[in-house]
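Counting starts at 1 for both ligands and their atoms, following the listed order.
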Amino acid sequence: MTEKRAALVTGITGQDGAYLADLLLGKGYEVHGLARDVSGFDFGRLSQSAQREGRIHLHGCDLTDYAMFRNLVAEIRPGEIYNLAAQSHVPTSIAEPQVTSEINAKAPIRLMEAILDLGLDGHTRLFLAASSEIFGEAGGQILSEDSVMAPRNPYALSKYHSYVASQKFRKERGLFVVNGILFNHESPYRSPAFVTRKITLAVASTGNSAEPLRLGNLDARRDWGHARDYVEGMWLSLQRDVPDDYVFATGENHSVREFVELAFEATGRRVRWEGAGKDEIGFDADSGVRLVEVDPAFFRPSDIGATVGDSSKARAELNWQPRTNFAELVREMLVSDMARNG
Ligand code: NAP
Ligand code: F7E
């Protein structure tokens, strides 16, 4: 019998952690998952065949506890590590830049050092979850691996830090490390701290008399894909003979306003907008009930206006492509939240 390949996924309790664990189990990996509190891991997020107890080896470990983390890597000797753990919320990074830097920048660097110190560099391949935030404001320009990077908030800076460091580890120390430059990707498992899930949770739970949904910048445009598709890209990127960096994106973007409209449409309501800026209001076109209000508390000091990515390198070299379009994504998230409400 061939020995199972071991994979270690940090951030297993997060959105991508669930999809990736499912994918790896389906491919026959021995899956080890790490997070601060693994008791929060929801097996219900996995496909039925993967839900059997004991199929994932869970390890409670804070990434800032370097000694414990290093010991785990030494013990598991994973062939693949997917470093998904992060403080991933942009506004929180502005309030807590130091914590963000510890987890998003320093921990991946320590992880790369650990792989080398333990002599695992010929054995372990590492995937790092970089972000389209590293490009900063590009004025709607289509972004590829070669685009100018100008991070403009602590989250973006922390991801840029680990991205640049990893290129040194790869070029100068021979480490097999890949950056996935991930554009926004969403799913029913997205945390409600992010705008898409905030919208679908609210739309799924509001009747006509409920409080309006309060949002910030309705004109912000994002290249939104589905997390299920992006974790496939992560896996594909570690199967190549030579490590490299890849943009994962759909190639189209949509506004927060469009997301709201589609979500309400899926429940049979049409939004009529009136006013502008912080005074803009979204009404139910039939009943006149207020559905959406703008709340400046959700505006960001240096928000990025629009992102759109060019994933042609991943498409050509990894044979990767996003399978879920924008309308399907909105619908899947909304239907899932409506089902949760019974
Ligand atoms: P997520 O849902 O926020 O999950 C983050 C994970 O990191 C959670 O499991 C969290 O554990 C864990 N974590 C946070 N701090 C930790 C610490 N100190 N020690 C150990 N674990 C810790 O993120 P995601 O959406 O799945 O994204 C996965 C990765 O892709 C992240 O690195 C993110 O920055 C990056 N990324 C995501 C997107 C996107 O659109 N989703 C786009 C670009 C890049 P708890 O459950 O304890 O909080
Ligand atoms: O904001 C606007 C907000 O918080 C999207 C993370 O996964 O993707 C994600 O970061 C847009 C922004 O995601 C609200 O101003 C309006 O323009 O959903 P978000 P994000 O900041 O793009 C990148 C690639 C990552 O790497 C990150 O980890 O929506 N917006 N109104 C709002 N945003 C929020 N959260 N809440 C609102 O009420």
Check: Looking at Val195, Ile304, Val256, which one forms a side chain to side chain contact (heavy atoms under 4.5 Å, CB included) with Arg222?
Finding: Ile304
Notebook entry, point to check: Strictly by modelled atom types, are Glu252 and His254 linked by a side-chain donor-acceptor pair under 3.5 Å?
Noted result: yes
Item checked: ligand 2 versus Ala193: contacting region, heavy-atom distance under 4.0 Å -> backbone
Next item on the list: Pick one of side chain, backbone, both or neither for how Ala107 approaches ligand 1, counting any non-hydrogen atom pair under 4.0 Å.
Entry: neither
Margin query: Does ligand 2 come near enough to Gly216 that some N or O of the ligand is less than 3.5 Å from an N or O of the residue?
Written below: yes
Next item on the list: Report the part of Lys159 in contact with ligand 2, treating N, CA, C, O as backbone and CB onward as side chain, heavy atoms under 4.0 Å; options are side chain, backbone, both, neither.
Entry: neither
Notebook entry, point to check: Relative to ligand 1, is Thr13 under 4.0 angstrom through side chain, backbone, both or neither, heavy atoms considered?
Noted result: both
Next item on the list: Starting from atom 7 (O) of ligand 2, find the nearest protein heavy-atom neighbour and note its residue, name and distance.
Entry: Arg190 NH2, 2.8 Å
Checklist line | Which of the ligand 1 atoms, numbered from 1, are nearer than 4.0 Å to a heavy atom of Ser88 | finding: 1 (P), 3 (O), 23 (O), 33 (C), 34 (O)
Check: Do any N/O atoms on Arg222 end up under 3.5 angstrom from N/O atoms on ligand 2?
Finding: yes
Item checked: Residues Glu280, Arg257: salt bridge by 4.0 Å N-O rule -> yes
Check: Any idea which of Leu182, Leu213, Asn184 brings a heavy atom closest to atom 20 (P) of ligand 2?
Finding: Asn184
Notebook entry, point to check: With a 4.0 Å cut-off on heavy atoms, does Ala130 reach ligand 1?
Noted result: yes
Margin query: Can you list everything that forms a side-chain hydrogen bond (donor to acceptor under 3.5 Å, both in side chains) with Arg221? Sequence neighbours excluded, please.
Written below: Asn253, Glu258
Notebook entry, point to check: Does the side chain of Ser158 pick up a donor-acceptor pair with the side chain of Asn104 at under 3.5 Å?
Noted result: yes
Next item on the list: With sequence neighbours left out, write down each residue that passes salt bridge (Lys or Arg N to Asp or Glu O under 4.0 Å) with Arg228, or none if nothing qualifies.
Entry: Glu332
Check: Is it true that the side chains of Tyr66 and Arg110 contain a donor and an acceptor less than 3.5 Å apart?
Finding: no
Note to self: Taking a cutoff of less than 4.0 Å between a non-hydrogen atom of the residue and any ligand atom, is Gln87 in contact with ligand 2?
What the structure shows: no
Item checked: Option nearest atom 24 (C) of ligand 2 (shortest heavy-atom distance, choices Ser191, Ser132, Ala129, Ala86) -> Ser132
Notebook entry, point to check: Taking non-hydrogen atoms only, is Tyr155 closer than 4.0 angstrom to ligand 1 via side chain, backbone, both or neither?
Noted result: side chain
Item checked: Residue, atom name and distance, where the atom is the protein heavy atom closest to atom 25 (O) of ligand 1 -> Arg190 NH1, 3.4 Å
Check: Looking just at side-chain N and O atoms, do Gln87 and Tyr155 make a donor-acceptor pair shorter than 3.5 Å?
Finding: no
Item checked: Gly14 neighbourhood, listing ligand 1 atoms whose heavy-atom distance to it stays under 4.0 Å -> 2 (O), 4 (O), 8 (C), 9 (O), 26 (O)
Check: When you check the side-chain N and O atoms of Arg340 and Ser336, is any donor under 3.5 Å from an acceptor?
Finding: yes
Notebook entry, point to check: Is it true that the side chains of Asp337 and Thr200 contain a donor and an acceptor less than 3.5 Å apart?
Noted result: yes
Note to self: Is there a polar contact between ligand 2 and Glu133, counting only N or O atoms under 3.5 Å apart?
What the structure shows: no
Note to self: Cation-pi check for Tyr29 against Arg5: NZ or CZ below 6.0 Å from the six-membered ring centre and within 45 degrees of the axis, yes or no?
What the structure shows: yes
Check: Is it the side chain (CB and beyond), the backbone, both or neither of Asp303 that lies under 4.0 Å from ligand 2, heavy atoms counted?
Finding: side chain
Notebook entry, point to check: Starting from atom 6 (C) of ligand 1, which protein heavy atom do you reach first, and at what distance in Å?
Noted result: Gly11 CA, 3.6 Å
Item checked: Atoms in ligand 1 flagged as close to Asn184, the criterion being non-hydrogen separation under 4.0 Å -> 40 (O)
Notebook entry, point to check: Counting heavy atoms only, which part of Ser191 comes closer than 4.0 Å to ligand 1: side chain, backbone, both or neither?
Noted result: neither
Notebook entry, point to check: Any idea which atoms of ligand 1 are less than 4.0 Å away from a heavy-atom of Asp62?
Noted result: 17 (C), 18 (N), 19 (N)
Next item on the list: Around atom 28 (O) of ligand 2, find the nearest protein heavy atom and jot down its residue, atom name and distance.
Entry: Ser88 O, 2.6 Å
Notebook entry, point to check: How far is atom 43 (C) of ligand 1 from its nearest protein heavy atom, and which residue and atom is that?
Noted result: Leu182 O, 3.2 Å
Notebook entry, point to check: If you measure from each heavy atom of Tyr155 to ligand 2, is any distance below 4.0 Å?
Noted result: yes
Notebook entry, point to check: Who's the nearest protein heavy-atom neighbour of atom 38 (C) of ligand 1, and how far?
Noted result: His185 CE1, 3.2 Å
Checklist line | Side chains of Tyr163 and Gln167, donor plus acceptor under 3.5 Å | finding: yes
Notebook entry, point to check: Any idea which part of His89 is under 4.0 Å from ligand 1, heavy-atom wise: side chain, backbone, both or neither?
Noted result: neither
Item checked: Tyr230/Phe183 under ring pair (Phe, Tyr, Trp, His ring centres under 6.0 Å): CA gap, chis, key distance, verdict -> CA-CA 9 Å; Tyr230 288 51; Phe183 282 63; 8.6 Å; no
Notebook entry, point to check: What's the shortest distance from atom 14 (C) of ligand 2 to any protein heavy atom, and which residue and atom give it?
Noted result: Val195 CG2, 3.5 Å
Notebook entry, point to check: Which protein heavy atom lies closest to atom 19 (P) of ligand 2, and at what distance to 0.1 Å?
Noted result: Arg300 NH2, 3.6 Å
Notebook entry, point to check: Think Lys278 forms a cation-pi with Phe299, using NZ or CZ under 6.0 Å from the six-ring centre and within 45 degrees of its axis?
Noted result: no
